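Right, one structure below, let's go through it.
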Number of protein chains: 2
Amino acid sequence: MLTIGEFSKISHLTLKTLRYYDEIGLLKPAFIDAKNNYRYYNISQLETALLIARLKSYLFSLEEIKVILANWENTELLNSKMKAKQENLTQQITFYSSLLKKLKIDIQLLDEEENIMGYLDQIEIKVVDHLTYHILSQRKQMNTADFLLHFNELFSKILFENLSPIAKPLAIFHSSEYEPENYDVEIAIPLAMATNKTKVFNPGLCAMATLIGSYDDLPSIHTKLHVWLAENNYKLNSAPFEVYQTDPYSTPEENNIIEVYFPIK
Amino acid sequence: MLTIGEFSKISHLTLKTLRYYDEIGLLKPAFIDAKNNYRYYNISQLETALLIARLKSYLFSLEEIKVILANWENTELLNSKMKAKQENLTQQITFYSSLLKKLKIDIQLLDEEENIMGYLDQIEIKVVDHLTYHILSQRKQMNTADFLLHFNELFSKILFENLSPIAKPLAIFHSSEYEPENYDVEIAIPLAMATNKTKVFNPGLCAMATLIGSYDDLPSIHTKLHVWLAENNYKLNSAPFEVYQTDPYSTPEENNIIEVYFPIK
DNA sequence: ATTGACCCTCCCCTTACAGGAAGCATTATA
DNA sequence: TATAATGCTTCCTGTAAGGGGAGGGTCAAT
């Protein structure tokens with residue numbers, strides 16, 4: 001039997017950590033002296049501690065580790081968790097790598113004494129009179145993370161009901177605030193002919209800017225448009241919408257072309 | 001003037017986020033109506049919001065971003081912070097990559113139906129009678145993170161006082177628990193001759209195991225040794241110590257050779 | 001005048017502990 | 001044996017960056 005201090009020294013886990021693991025039920029001492037609440041550990045628990053440390057080094061959460069330990073006999077579980085973690089780490093690495101790439105571009109800009117927000121001045125705003133369309137649309141509360149998925153239903157309908165799209169798909173944003181988990185969006189596809197399921201989409205005069213790049217830059221475009229509206233004494237007349245000019249499935253993230261329209265008056 | 005909802009929609013920051021940024025002083029609304037506490041933002045603050053989002057995407061903490069914004073005129077600061085962050089990201093990537101490599105090895109083990117803790121059984125324990133040395137030593141409370149640095153002083157003394165080391169440097173662990181920030185360690189170098197500054201180091205009979213690999217595996221060795229002591233009815237006779245057989249500065253992390261000794265009775 | 005959308009503050013929750021206080025228990029030393 | 005030094009306990013607070021929700025006030029349009 002080892003006291004918590006001895007156990008700490010051998011396992012290289014602090015007292016705080018051991019007490020915390022006890023509390024969350026990850027590693028409970030083999031024996032607790034009822035009269036003074038002293039914790040005592042088995043020597044064999046040292047190996048459990050090693051295992052925990054090992055899994056922790058792979059960035060599993062303590063909750064995940066608990067599950068793995070509880071099903072230690074089930075090697076399939078561990079195997080699949082490990083493979084999931086591998087996938088996870090790989091994604092992290094690509095994420096960090098692309099971040100690093102962007103960062104380096106900005107550093108170069110800074111070294112050339114340019115403003116890193118300078119790209120904002122490159123955004124060009126046009127005033128256009130948008131065509132009137134008959135659109136097939138669906139309005140939903142959606143999670144912005146799986147925005148794309150929601151188009152599938154529409155695409156499918158068009159395919160199976162032999163409808164003919166006449167322009168690129170678009171999305172109309174009705175939300176009054178930014179709520180990524182529960183975003184009020186109407187996705188739509190303009191059709192060549194009106195049916196009883198279509199409705200008329202007639203935004204009229206619009207301020208428009210084109211985004212070439214990642215969706216992450218959408219706030220920049222929106223900001224630009226709003227600043228422009230304010231400077232030119234226009235008001236937003238109805239919900240902003242976006243037209244997707246490129247296929248997000250086959251286009252690399254940074255080459256997407258999205259037109260953002262603000263109906264104005 | 002924009003209400004918080006409008007500002008949220010354009011900037012793609014949630015209401016929660018905006019209120020939080022107000023609270024921590026990162027982005028305070030330009031105007032607050034005193035009678036109802038409504039927050040109102042300037043259009044120009046949208047660009048600040050964009051900047052914040054940008055820096056956040058580079059994984060700066062909000063605290064860092066606050067500092068950067070406060071010194072926005074000082075382009076040097078931003079530049080240096082960006083370069084530090086670049087370094088940081090690079091390290092993260094190497095860290096994740098090496099983790100991924102280890103993970104893949106374990107996955108392969110699992111696929112071959114081996115236990116991932118199997119390496120524990122490979123650790124060989126010998127009983128040896130340790131030589132007696134005259135050691136030049138220093139006992140300190142240290143942070144385990146800069147363990148190596150503490151040797152420099154000793155090395156320097158040996159060099160400038162023309163002393164002759166006779167064996168590899170070692171460290172004796174007096175701590176009674178694991179406290180990474182404040183670890184009670186005695187670092188020592190055995191010398192050929194006794195002086196008035198040396199003391200006798202005579203651990204006697206020891207159980208010994210050799211670690212080839214990263215320092216992270218030290219708990220495994222300690223665990224192994226403790227299990228062995230318990231199984232063979234020995235007791236720890238004095239503080240455990242480690243002998244560093246390889247130069248940590250020139251040896252890649254995974255090739256270090258460290259001998260761990262437990263004086264026994 | 002009412003209603004529904006919008007805004008406010010306040011409190012609790014998240015991870016994986018660290019830091020510290022206050023108070024027993026055990027062990028070492030004088 | 002008395003005292004001091006450790007060792008152990010529980011409990012409280014704090015971390016980063018907000019999310020979730022309660023309870024209640026306010027605004028704009030009908």
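Lettering of chains follows the sequences in order, A, B, ..., and the numbering in each one begins at 1. Model, not experiment: these values are computed from the prediction.
- Applying the 3.5 Å distance criterion, the base of dG25(D) shares no donor-acceptor pair with the side chain of Lys35(B).
- Side-chain atoms of Tyr38(B) and base atoms of dG25(D) include a donor and an acceptor less than 3.5 Å apart.
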Inset, instruction - Evaluate the criterion side-chain contact (heavy atoms from CB on, under 4.5 Å) for residue pair Leu51(A) and Ile65(A); output intermediate values, then yes/no. - result: CA-CA 9 Å; Leu51(A) 181 53; Ile65(A) 296 177; over 6 Å; no
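- A salt bridge is defined here as a Lys NZ or Arg NE, NH1 or NH2 lying under 4.0 Å from an Asp or Glu carboxylate O, and Arg54(B) with Asp106(A) meets this definition.
- Ile65(A) has its CD1 atom 13 Å from the P atom of dT15(C), to the nearest Å.
- As rounded to whole Å, 8 Å separates atom P of dC17(C) from atom CG of Leu13(A).
- With respect to Lys199(B) and Glu186(B), a salt bridge is recorded, a charged nitrogen being found less than 4.0 Å from a carboxylate O.
- We find that CZ of Arg19(B) is positioned 11 Å from P of dG19(D), with the value rounded to whole Å.
- For the pair Lys265(A) and Tyr234(A), the NZ or CZ position fails the cation-pi test of under 6.0 Å to the six-membered ring centre and within 45 degrees of the ring normal.
- For the OP1/OP2 pair of dC27(D) and a distance below 4.0 Å, the side-chain nitrogens and oxygens of Asn36(B) include at least one atom meeting the criterion.
- Counting non-hydrogen atoms under 4.0 angstrom, Ile4(B) reaches the backbone sugars and phosphates but no base.
- Close to dT9(D), at under 4.0 Å from its OP1 or OP2, lies no side-chain N or O of Lys16(A).
- Between the OH atom of Tyr20(A) and the P atom of dT15(C) there is a distance of 7 Å, rounded to whole Å.
- Counting to the nearest Å, the C1' atom of dT26(D) and the CD1 atom of Ile32(B) are 16 Å from each other.
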